[in-house]
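Written below as structure tokens is the structure these notes are about.
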Amino acid sequence: MFELADGTRTPVIDASVHIFFGSNKDLRENYLREPFRSRGFPDYEMDWYGAPGGEYAKGTKGPDGQYPGSDVDVVAKHLFDDRGVDIAVLHPMTRGIMPDRHLGSALAAAHNEMMVSRWLEHPEFGPRFRGTIRVDPDDMAGALREIAKYKDHPQVVQIGIPLQSRELYGKPQFWPLYEAAIDASLPIAAHIEVGAGIAFPPTPSGRTRTHEQFAGFMGLNYIYHLLNMIAEGVFERYDALKFVWADGAGDLLTPFIWRMDCFGRPHLEQTPWAPKMPSDYLPGHVYFVQGAFDGPGDTEFAGEWFGFTGKDDMTMFGSSYPHWHLAELKVPASYTEQQREKFCWRNAAELYGIEIPAGLAAH
């Protein structure tokens, strides 16, 4: 339970907690197998836009200097004791998109094995974690194997893919992944990756110069994928598909979907496979994780903006722990009681099938 500024208490589901290996040695020796154990791959820190002052919040390393977000006891204390989180949805951070799809799948499989064995099955804190299995959409056969392996695990609640795809996610080559996700009753979450990999530039105009520009523009990539998926008819074809944009951009949705409705309606003859208004495909299909960079802040119109285009039914709180910009749970005063409840826990509980005891919810 978390106590808000007005003294009320609320359950909290943190929908974006990032976990890591303690070191490259930990990954290689404990979870990778040959022929991949001896292969080269990027370190977590190999990115073009390192944050000034460091990537991670202070105090998030393990007791022996392990990588931030890698020690279960440290993370559990910060989340459950210090921050009042009831349930944490884990999203393992892999190494970006590899030129070799087989290596990409091996790295994803190693992260999944680590998450399940160390976190979801942890004897003390395991019941309070939920997991995201990582797959490489460039290797569809490998992705489907990972889904089949973990789809019945009771604490696995979604499938994770990298934001920096080399193709927009509306294209048909990804449809087998969507079919497998529906069959497994799991949503799919796209999240920005760490590690250099072979990621595409973060803007349509190429590389930005600074971290500030990178952080500001990156959310647009979620919108590019989403609008493409609508135009390609993905949600018309797959009515049961649920897609999570797991690192922000919900605040960008309203102006872009307004424009798509405006310009898309007169041209529906070009997309007969998506006959509805574009905004009609949002409810029940599209979700966003809102963090420190998103939204207008605690302003008098924050609640009104949150309600535009139904964002209050799509948005979940996520801290992005242990990154430097990890978000404190601050609910704008202009949110209604219902909006606050949806943001803090209800939307995530309904999406992921998480039960919040009635006694907690009543507060």
Side-chain angles (χ1 to χ4, degrees), residues 18-21 24 26-42 89-121 126 129-195 197-199 225 229 234 237-238 240-244 246 351-353:
H18 307 152
I19 60 172
F20 298 84
F21 280 97
N24 281 338
D26 178 24
L27 166 58
R28 287 187 187 278
E29 295 187 359
N30 295 321
Y31 288 92
L32 270 183
R33 299 162 183 83
E34 294 295 3
F36 304 106
R37 175 178 290 175
S38 55
R39 292 281 300 274
F41 49 80
V89 180
L90 306 177
H91 203 117
M93 291 285 98
T94 60
R95 304 305 176 90
I97 299 175
M98 297 292 102
D100 179 353
R101 67 183 187 278
H102 303 295
L103 176 59
S105 281
L107 289 169
H111 283 75
N112 295 337
E113 185 180 350
M114 177 269 290
M115 177 188 68
V116 170
S117 63
R118 291 183 178 175
W119 297 77
L120 301 189
E121 297 177 356
F129 292 127
R130 300 296 185 271
T132 304
I133 56 167
R134 299 306 309 272
V135 302
D136 182 356
D138 279 357
D139 177 19
M140 191 58 64
L144 298 184
R145 284 196 303 271
E146 284 299 290
I147 295 171
K149 182 176 181 180
Y150 291 108
K151 67 178 183 178
D152 294 324
H153 193 289
Q155 289 164 261
V156 168
V157 296
Q158 72 183 355
I159 300 162
I161 57 176
L163 171 64
Q164 303 99 312
S165 168
R166 288 181 284 180
E167 297 286 348
L168 288 167
Y169 279 131
K171 294 193 173 182
Q173 68 245 43
F174 301 114
W175 293 0
L177 177 61
Y178 304 157
E179 292 166 0
I182 293 169
D183 180 66
S185 298
L186 295 174
I188 295 177
H191 195 288
I192 185 174
E193 277 286 16
V194 295
I198 51 172
H225 281 297
M229 292 175 76
V234 169
R237 184 182 184 94
Y238 300 113
L241 180 64
K242 299 181 186 297
F243 223 92
V244 180
L351 176 63
Y352 296 127

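What you see is a predicted model; the values in this text were computed from it and never measured.
Side-chain contact between L120 and L90: present, with at least one pair of heavy atoms (C-beta onward) separated by less than 4.5 Å. Residues N112 and V156 fail the side-chain proximity criterion, which asks for heavy atoms closer than 4.5 Å. Looking at I133 and K151, their side chains never come closer than 4.5 Å, going by heavy atoms from C-beta outward. A 4.5 Å side-chain heavy-atom check between F36 and F41 finds every atom pair outside the cut-off. Side-chain atoms of L163 and H225, non-hydrogen and from C-beta on, do get closer than 4.5 Å to each other. With contacts defined as side-chain heavy-atom distances shorter than 4.5 Å, the pair I159/Y150 does not qualify.
Atom CE of M115 and atom CZ of F129 lie 11.5 Å apart (nearest 0.5 Å). Taking CD of E179 as the start and CZ of R237 as the end, the distance is 6.5 Å to the nearest 0.5 Å. Rounding to the nearest 0.5 Å gives a distance of 10.5 Å between CZ of R39 and CG of L32. Summarising the geometry, atom CD1 belonging to I147 is positioned 5.0 Å from atom CG belonging to L177; distances are rounded to the nearest 0.5 Å. To the nearest 0.5 Å, the span separating OG on S165 from CD on E193 amounts to 11.5 Å. Considering CG of L144 and CG of D139, their distance stands at 9.0 Å, rounded to 0.5 Å.
With sequence neighbours excluded, the residues forming a ring-ring contact (aromatic ring centres under 6.0 Å, His included) with H191 are H18, H91, listed by chain and number.
Considering every non-hydrogen atom in both Y352 and Q158, the closest pair reads OH-OE1, 2.8 Å. Summarising the geometry of R118 relative to F21, their closest heavy-atom pair is NH1-CD2, 4.3 Å, with the distance given to 0.1 Å. The two residues G142 and S105 have their closest heavy-atom pair at CA-OG, 4.0 Å. Contact record, M140 with P137: CE-O, 4.0 Å, taken as the closest heavy-atom pair. Across every non-hydrogen atom of M98 and P42, the tightest pair is CE-CD, 3.5 Å. Nearest heavy atom pair, residue E167 against residue K171, reads OE1-NZ, 2.8 Å.
The side chain to side chain contact (heavy atoms under 4.5 Å, CB included) with I161 is formed by just one residue from the set D138, V135, D136; it is V135. Partner of I188 under the side chain to side chain contact (heavy atoms under 4.5 Å, CB included) criterion, out of I182, T132, L241, V244: L241 alone.
Of the possible donor and acceptor atoms, none in the side chain of E146 sits under 3.5 Å from a partner among the backbone N and O of A108. Put simply, the side chain of W119 never gets that close to the backbone of R130: no donor and acceptor are under 3.5 Å apart.
Using bins of under 30°, 30° to 60° and over 60° for the plane-to-plane angle, the ring pair Y169/F243 lands in the tilted bin.
Under the 6.0 Å cut-off for aromatic ring centres, Y31 and H111 do not qualify, their centroids lying 6.0 Å or more apart.
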